[in-house]
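For reference, the structure is listed below as structure tokens.
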There are 2 protein chains.
Amino acid sequence: MPFRKVPALTVSRLSVYHRALSTLPDEWIISSEEISDLTGYTAAQIRRDLTYFGQFGTPGRGYIVAELRQRIGHILGIDQDWKVALVGIGHLGSALLAYQGFCERGFNIVAAFDNDITKIGKKWEGIVIEDISRLAESAVEKDIQMGILAVPAKAAREAFDLAVAAGIKAILNFAPVRLTPPEGIQLINVDLAAEMERLSFFLARSRS
Amino acid sequence: MPFRKVPALTVSRLSVYHRALSTLPDEWIISSEEISDLTGYTAAQIRRDLTYFGQFGTPGRGYIVAELRQRIGHILGIDQDWKVALVGIGHLGSALLAYQGFCERGFNIVAAFDNDITKIGKKWEGIVIEDISRLAESAVEKDIQMGILAVPAKAAREAFDLAVAAGIKAILNFAPVRLTPPEGIQLINVDLAAEMERLSFFLARSRS
DNA sequence: CGCTGTGAAATCCTTCACAGCC
DNA sequence: GGCTGTGAAGGATTTCACAGCG
């Protein structure tokens, strides 16, 4: 139930602001100009992004680091921990399991699923891999709120449907397929091949 | 030297169109409406995206699949193979090394670098890991055009500078740090924690 | 005086709607 | 008749510029 319409990119930038603020002492006071230097976004952009969520600073002074950081954290929902299910324990999946960056920011992978019988029951990074058919059951049991799909393209649709059926409402998908989320489900796609293709587009262009 | 200004998102969508076309027989003729069904983008959007690059179809008929696919592939620069250096062979790096999706789309990781002495000289996925100090030398030797940075945040700036010094002009960065590319260098950031935070933003909002 | 917060302008991107060709 | 390619309209996002407060 969003109170105000927030541009999609604003949210990504909030993450960047938050990380920049994490490097600074709590009691410092910082201006939008200084955040600009730290993040590369313009000062006007930063101030505008913040207006979607209320008032944050003191005119003539700036923003108190601790307060701004805390409030952005609250907006992003990272002042709490989230429980995440990882589906697909191939190369990418196991890398994500081991990736400390998620844990640091409050995303705890508490369950892992695969359909490969040779993997099920094995322990990776302290987590026992379960059969994907147990997703719904396990998700409820463990109170899981988010899912990461790191399965092959062919399996993505089915994994997605299982996750939705399991009551998971926020899903990060690495498979290069189009999934159509039902109402109320947040789906974010990370398409690595497409990112590489943006690079090759650039190279191909600058050559001609 | 872009001939026309192309919106950033248009390029990502071209990747999607190309992949959709890859599933269809060469000789089929397809309308923008049908591509829309396949990709989820509107027909008008698809036609508009194509106008940035010239004429592609036949009014009253549609697009010849093979021709459209080939021409989009050429625009994206994926009608040729690219040689890629991977920097940072941690969890994510080794997953990317093993990831077949890149190879399939013409991105060949031909060299891998790390600064961990225990990894250097070892072979992963058929590639011998080299000392990062050899990046410039090796990049020239192997005619490498792209780089992927999968290093920790602290090491990202240095790895980036080394890659640029090695003449690499297109870089995909997974480290959550701001890098400022010099003129003529294409930098794309993939920020996984920020993507997760977009999800938690959504969950936190829909709760209140 | 310095800096935030924000109307208003400018820019960028998407959608509409249809002329023109097959 | 059907569908592309594209001006023009519409919408969204970013930037400008400054009122107003500390």
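Note on naming: letters A, B, ... go to the chains in the order of the sequence lines (proteins, then strands), and numbering restarts at 1 for each one.
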| message | I'd like to know if the side chain of B:Arg61 and the backbone of B:Ser31 have a donor-acceptor N/O pair within less than 3.5 Å. | response | no
| said: Donor-acceptor pair, distance only, cut-off 3.5 Å: does the side chain of B:Thr10 make one with the backbone of B:Asp49? | reply: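 No, B:Thr10 side chain to B:Asp49 backbone: no donor-acceptor pair under 3.5 Å.
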| task | Please confirm whether any donor atom in the side chain of B:Arg48 sits under 3.5 Å from an acceptor in the base of C:dT15, or the reverse. | result |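 Indeed, a donor on one side and an acceptor on the other fall under 3.5 Å apart.
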Presence of [X] side-chain N/O under 4.0 Å of [N] phosphate oxygens OP1/OP2:
X: A:Tyr52; N: D:dA12; value: no
X: B:Thr51; N: D:dG5; value: no
X: B:Thr58; N: C:dC22; value: no
X: A:Arg13; N: D:dT14; value: yes
X: B:Thr42; N: C:dT15; value: yes

Please give, in whole Å, the distance from [N] [atom2] to [X] [atom1]?
X: A:Glu33; N: D:dA17; atom1: CD; atom2: P; value: 15 Å
X: A:Ile35; N: C:dC3; atom1: CD1; atom2: C1'; value: 12 Å
X: B:Ile46; N: D:dG5; atom1: CD1; atom2: P; value: 12 Å
X: A:Tyr41; N: D:dT14; atom1: OH; atom2: P; value: 10 Å

| said: Pair A:Lys142, A:Glu130 - check salt bridge (Lys or Arg N to Asp or Glu O under 4.0 Å), show working. | reply: CA-CA 13 Å; A:Lys142 292 179 177 152; A:Glu130 301 174 66; 2.9 Å; yes
Closest nucleotide among [options] to the [X] side chain:
X: B:Gln55; options: D:dT15, D:dT14, D:dT6; answer: D:dT6
X: A:Gln45; options: D:dT14, C:dT14, C:dC3; answer: D:dT14
X: B:Arg47; options: C:dC13, C:dA17, C:dT6; answer: C:dA17
X: A:Pro59; options: C:dC16, D:dG20, D:dG5; answer: D:dG20

| request: Between A:Gly57 and B:Arg61, just flag the one whose closest nucleotide in DNA chain C comes earlier from the 5' side. | output: A:Gly57
| Do the charged groups of B:Arg69 and B:Asp79 touch, with an N to O distance under 4.0 Å? | no
| query | Across the strands shown, which category fits A:Thr10 at heavy-atom distances under 4.0 angstrom: base, sugar-phosphate, nothing? | reply | nothing
| Pick from B:Arg71, B:Arg105, B:Gln70: which one makes a side-chain hydrogen bond (donor to acceptor under 3.5 Å, both in side chains) with B:His18? | B:Arg105
